Amino acid sequence: MSGAAITPWVVGNWKMNPLRADAKQLVEELKQLLQNQNIEESKCHIGVAPIALALQSVQAQFSDSSRNICVVAQDLSRIAGTGAYTGEISAELLKDSEIDYVLIGHSERREVLGDSPAVINEKVKHALSAGLTVIYCVGESLEQREKGLAEQTVLQQICDIAAVVKAEQWRQIVIAYEPIWAIGTGKTASPEDAQAMHAKLREGLSQITPAGRSMAILYGGSVKPENAVELAACPDINGALVGGASLNAESFYQIAQAFANTK
Ligand code: 13P
């Protein structure tokens, strides 16, 4: 079962970066690269996930871009609506600010910031019911991989959200497989290992929902221009969630180009 006909996504996760002036320059450079040589929207969805403070300014700065760029929130509150919840940003408030995409379940939030599966499920449920598209991240630790538990771990992470996703909402979900040991380490999963895990994920998703066959499954973990073409050549890798390399406009553009041209 292959996801070869799926339009790829290349999304830059800027994490807790960069400074405001650098973000502005990064967006300008990316716009310029796309203006010089466009990457057709039908060939690749492109998105960036800035810090919450910059979502609207980045969205405004892309408004005169030669093509659509999705602006993605890195997180959202586990609480819906509005109310007395100091410091929180709900799904409805993101939507109200015309932010239509959100990352949920990134391993840095799971491991460092205490997002349990129960909290993640609340976030997924509210995001979907507010009409957001969710980029749901899964991935195993090095220890889990060495113990032979990689597949079981990521399939469990998919099963976890199945408890809150309604049948018709799977189409609002993009999966990102990010092995934790490959994030920010320069170590990428080999294309063979990544493809094998993506195929397992697709099989698992297809058992849960008919949409599984057409869902985009992105790979993340030290993606760079040097490895993007061989990752893009794998039939079940439908794009990339890019950390470090997305902070450089040229590198990020080249990764998007690799997926647009290879798929
Ligand atoms: P790096 O590309 O820096 O390894 O980060 C991957 C990631 O965590 C994207 O969400």
Side-chain angles (χ1 to χ4, degrees), residues 8-19 22-23 26 30 44-52 54-55 58 69-76 99 101-115 120 123-124 127 132-142 144-145 150 153-154 157-158 161 173-191 193-194 197-198 201 216-232 234 237-259:
W9 290 73
V10 172
V11 178
N13 178 5
W14 293 357
K15 308 191 180 183
M16 203 167 73
N17 299 292
L19 295 179
D22 295 334
L26 178 55
L30 195 50
C44 187
H45 303 290
I46 299 178
V48 295
I51 58 168
L55 285 167
V58 166
I69 304 292
C70 306
V71 176
V72 182
Q74 293 179 18
D75 189 33
L76 83 173
I99 302 299
Y101 305 87
V102 64
L103 294 177
I104 300 183
H106 193 281
S107 59
E108 286 150 16
R109 294 221 53 94
R110 292 180 191 263
E111 304 287 310
V112 187
L113 294 148
D115 279 10
I120 290 170
K123 291 181 174 184
V124 168
L132 299 174
T133 293
V134 171
I135 302 176
Y136 177 62
C137 307
V138 298
E140 82 285 0
S141 65
L142 186 56
Q144 287 163 327
R145 175 156 282 255
T153 303
V154 301
Q157 289 167 338
I158 297 291
I161 61 162
I173 300 180
V174 170
I175 303 292
Y177 167 58
E178 300 201 301
I180 298 173
W181 47 271
I183 296 178
T185 57
K187 287 186 207 158
T188 323
S190 68
D193 283 351
M197 186 62 92
H198 281 234
L201 278 164
I217 307 177
L218 320 186
Y219 171 79
S222 299
V223 178
K224 33 189 187 274
E226 294 77 16
N227 57 28
V229 173
E230 53 179 6
L231 288 165
C234 299
I237 299 185
N238 317 113
L241 185 55
V242 187
S246 72
L247 297 171
N248 178 292
E250 182 68 44
S251 297
F252 184 62
Y253 173 82
Q254 282 178 23
I255 294 167
Q257 214 174 29
F259 276 89

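Start at 1 and go down the list; that is how both ligands and their atoms are numbered. Worth saying up front: this structure is predicted, and the values here are computed from it rather than measured.
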Non-hydrogen atom of Cys137 closer than 4.0 Å to ligand 1 | no
Look at ligand 1 and say whether Lys224 reaches it with a heavy atom at a distance under 4.0 Å.
->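 Contact absent.
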If I apply the N/O under 3.5 Å rule, does [X] come out as touching ligand 1?
{"X": "Gly221", "answer": "no"}
{"X": "Thr185", "answer": "no"}
{"X": "Ile183", "answer": "no"}
{"X": "Gly243", "answer": "yes"}

Note, [X] side chain near [Y] side chain (heavy atom, < 4.5 Å):
{"X": "Glu230", "Y": "Thr188", "result": "no"}
{"X": "Glu108", "Y": "Gln74", "result": "no"}
{"X": "Ile104", "Y": "Ile161", "result": "no"}

Using modelled atom types and a 3.5 Å cut-off, is there a donor and acceptor pairing between side-chain atoms of [X] and backbone atoms of [Y]?
{"X": "Asn238", "Y": "Ile217", "result": "yes"}
{"X": "Arg110", "Y": "Cys137", "result": "yes"}
{"X": "Tyr136", "Y": "Val138", "result": "no"}

Would you call the rings of Tyr101 and Trp9 parallel, tilted or perpendicular, where under 30° means parallel and over 60° means perpendicular?
->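 Rings of Tyr101 and Trp9: perpendicular, over 60°.
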Which word best sums up how the rings of Tyr177 and His198 line up, parallel for under 30°, tilted for 30 to 60°, or perpendicular for over 60°?
->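 Because their plane-to-plane angle is over 60°, the rings of Tyr177 and His198 count as perpendicular.
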Enumerated ligand 1 atoms positioned under 4.0 Å from heavy atoms of [X]:
{"X": "Ala182", "answer": "4 (O)"}
{"X": "Leu241", "answer": "9 (C), 10 (O)"}
{"X": "Glu178", "answer": "6 (C), 7 (C), 8 (O), 9 (C), 10 (O)"}
{"X": "Gly244", "answer": "1 (P), 2 (O), 3 (O)"}
{"X": "Ser222", "answer": "1 (P), 2 (O), 4 (O)"}
{"X": "Gly184", "answer": "1 (P), 3 (O), 4 (O)"}

Closest protein heavy atom (residue, atom, distance) for atom 5 (O) of ligand 1 | Lys15 NZ, 3.3 Å
Spatial distance of atom CG (Leu76) from atom CG (Leu103) [nearest 0.5 Å] | 10.5 Å
Classify the contact between Asn13 and ligand 1 as side chain, backbone, both or neither, using a heavy-atom distance cut-off of under 4.0 Å.
-> side chain
Hey, is Ala245 touching ligand 1 through its side chain, its backbone, both or neither, going by heavy atoms under 4.0 Å?
-> neither
Which donor-acceptor pairs under 3.5 Å do the side chains of residues 250-259 make with protein atoms, sequence neighbours left out?
residue	atom	partner	partner atom	Å
Glu250	OE2	Gln254	NE2	2.9
Ser251	OG	Asn248	OD1	3.3
Tyr253	OH	Gln37	O	2.6
Tyr253	OH	Gln257	NE2	3.3

